[in-house]
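Data first, discussion second: the structure below is written as C-alpha cells.
Numbers restart at 1 for each chain; the letters A, B, ... are given by sequence-line order, proteins then strands.
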2 protein chains.
Amino acid sequence: MNRVQRKRDERVRRIVAVAAEVFGERGYEATSLEEVAERLDVTKGSLYYYFAGKDELATAAIETLGTDWTERLEALARTLADVPRPERLRALLREHIAIAVHEYPAALRLFLVPDSWPTALRDRIRELRRRHDLVFRREITAGVAAGDFAVVSVDATLQAMHATMSQAPLWCSHLAAEAQERAIDDLAAVLCKLAGEQKGSL
Amino acid sequence: MNRVQRKRDERVRRIVAVAAEVFGERGYEATSLEEVAERLDVTKGSLYYYFAGKDELATAAIETLGTDWTERLEALARTLADVPRPERLRALLREHIAIAVHEYPAALRLFLVPDSWPTALRDRIRELRRRHDLVFRREITAGVAAGDFAVVSVDATLQAMHATMSQAPLWCSHLAAEAQERAIDDLAAVLCKLAGEQKGSL
DNA sequence: CCGAAGTTCGACCTGAGAGTCAAGACTTGT
DNA sequence: ACAAGTCTTGACTCTCAGGTCGAACTTCGG
C-alpha cells in the first residue's frame, strides 16, 4: 500500500509538471485538458481521476512550481553563503535567471492570472511571491546595513529585479545557446547595479 | 460623405479602445465579444460589421495601443529635450511609468500573446516594441558617448527597463493613490541607476 | 419625402472543450 | 490464481462563445 501510494504520487507529479508546462505556454483559458492528456499519453478522462477539474489542476501546477522554485532558490542562497558581499548578490541573480530561463520558462504566463480568478488563488500567488522575494530582500537589507549597498527603496528595487527576471525567458528564448548565456550574464550584471551605490544623479 | 467617414472612424476608435481594455483585463482567450459589445451598449453582431472577427479586433487593439503609446513617448522625449543628461533619463522613465500605470494598465497582458499566435502578429509586436524602445536606446547610447553613463550591455539594460516598466501597473494597482505616485518615483529612480556609472563590482 | 446606403439587431448555427460515467483492464496482496 | 482494489478508457452530454445572416432601422443626399 505504500508502494501504491508512491506510484500515485509519482503519477500526480508527472501530471502537474506537464500541466504547468502547457498552462505556461498557452495560458489558462487556451489550455485544453485534451492537450495535457495527449502529452501524457493518456485520455482526458483519467485526469479527472486525480483532479476534480481544470481549476484544481491549474492551482496544483502553480502551487508546485511556486514552492519548488522557491526551495531551489533558498538552497542556492545557502550554497553561496560564503561568497563575499558584492559578488554574492550577482551570483544569486545570475543563477536565478539561469534557472528561470532553462527550467521555468513558462512561469511568467502561469503566474500572471487574470483579475477574474478566485481571490484565494490570487492571494496564494502573492504569498508565494513574497516568500520567493524574501531571499533577495534579506540579501539587500543585509548589504545596506553593512554599508555595501545603497538603495532608494528596497521594495522598488525588488520589484525591478523580479520583473526583469520573470521576463528573462521571453527575451532569451529567441537567442542561440551561447548568446543566451551571455544575455543571462549581462542581465545579472545589470541588475546588480540596482543595489550598488549610486553616483551622480540626485 | 466625409461626415460619414468621420463618424465611422470615431466608432471604430471607440470599439478598439474598449476592446483593448477588455483584452488586457481578461486576456485574449477569456475575452468574449459579448462582453466587449455589452460595454459598448451594442450587440455582438454589429461588431462584425467593423471587424471580421475576434482576431482582427485583437490585432487592431494591439496595433492602435502600440502606436499611440509610442507616439506619446516620442512626444514626451521631445518635451524633455533640454533637460540636462542625468535628469533627463530619470524624467523620461518617470513619465513613462506614470503613463503605463494610469493609461495603459492593460498593456502587459495585451502584448503578451501566446506562442501559438500567428507569426505575422508576433513579428508586428516585436517591431512595435523595437520602435518603442528606441527612445530609451538613443538616450542611453548618447549618454554613454558623452561619458555620462556607463552600461555593461545596452540591450540588457533596455530589457531590464522595459520589463520593469511593463510590470509596473501590476505592482501599483493594489496601492492607494498617494503610495502609487511614490512607487512610480521610486521605480524611476531605481531604474535610473541602471544607466549610471558603476562602482565596485567587476 | 423617397430611395439608397450605412448600420444594428437578434435569432440561429456550429464546433470546441469541460465534465460524467459505466464498463473493462491492470496491479497487488494473499 | 483469484479477488479486491486501483486506474484507464471512450463514448456521452452540456454549455458557451465565435461566427452568419436576413430583416429592420437610421441616416443622408437629392
(Q) Go nucleotide by nucleotide along DNA chain D from the 5' end; which of A:Val42 and B:Asp55 gets its closest nucleotide reached first? (A) A:Val42
Q.
Whether B:Lys54 engages the ring of B:Tyr28 as a cation-pi pair (distance to the six-membered ring centre under 6.0 angstrom, angle to the ring normal within 45°) should be assessed.
A. yes
**Q.** d(CD, A:Glu34; C1', C:dG17) in whole Å
**A.** 7 Å
Q: Look at the side chain of B:Lys44 and the base of D:dG19, then say whether one donor and one acceptor between them are separated by less than 3.5 Å.
A: yes
Q. Is A:Ser46 near enough to D:dT9 that one of its side-chain N or O atoms lies under 4.0 angstrom from OP1 or OP2?
A. yes
Q. Within the structure shown, what part of the strands sits under 4.0 Å from B:Gly53 by heavy-atom distance: base, sugar-phosphate, or nothing?
A. sugar-phosphate
Q) Over how many whole Å does the gap from A:Leu33 atom CG to C:dA16 atom C1' extend? A) 12 Å
Q) Can you tell me if A:Arg122 uses its side chain to pair, donor with acceptor, with the backbone of A:Pro114 under 3.5 Å? A) yes
Q) For C:dG6, does OP1 or OP2 lie under 4.0 Å from any side-chain N or O of B:Arg8? A) no
Q.
Rounded to whole Å, please give me the gap between CD1 in A:Ile15 and P in D:dC7.
A. 10 Å
(Q) I want to check something: taking the side chain as every heavy atom from C-beta on, are B:Arg6 and B:Glu10 in contact at a cut-off of under 4.5 Å? (A) no
(Q) Quick check on D:dA17: is either OP1 or OP2 less than 4.0 Å from any side-chain nitrogen or oxygen of B:Ser32? (A) no
Q | Aromatic plane relationship, B:His132 with B:Trp69 - under 30° parallel, 30 to 60° tilted, over 60° perpendicular | A | perpendicular
Q) Separation of B:Leu47 atom CG from D:dA17 atom C1', in whole Å? A) 13 Å
Q. Taking OP1 and OP2 of C:dT8, is either one under 4.0 Å from a side-chain nitrogen or oxygen of B:Arg11?
A. yes
(Q) Please report the distance, rounded to the nearest Å, between CZ in B:Arg26 and C1' in D:dC16. (A) 15 Å
(Q) If I take atom CG in residue A:Asp41 and atom P in nucleotide D:dT8, what distance separates them, rounded to the nearest angstrom? (A) 12 Å
Q: Ignoring backbone atoms, establish whether A:Tyr49 has a side-chain N or O less than 4.0 Å from OP1 or OP2 of D:dT9.
A: no
(Q) Side-chain N or O of B:Tyr50 versus OP1/OP2 of C:dT8: is the shortest distance under 4.0 Å? (A) yes
Q: Tell me, with the steps shown, if B:Gln167 and A:Leu108 meet side chain to side chain contact (heavy atoms under 4.5 Å, CB included).
A: CA-CA 11 Å; B:Gln167 284 198 29; A:Leu108 176 59; 3.9 Å; yes
Q.
What is the distance, to the nearest angstrom, from the CG atom on A:Leu40 to the C1' atom on D:dC7?
A. 14 Å
Q | Rounded distance in Å - CD (B:Glu29) to P (D:dC16) | A | 18 Å
Q. If you pin B:Lys7 and B:Thr31 to their nearest nucleotides in DNA chain D, which one's is more 5'?
A. B:Thr31
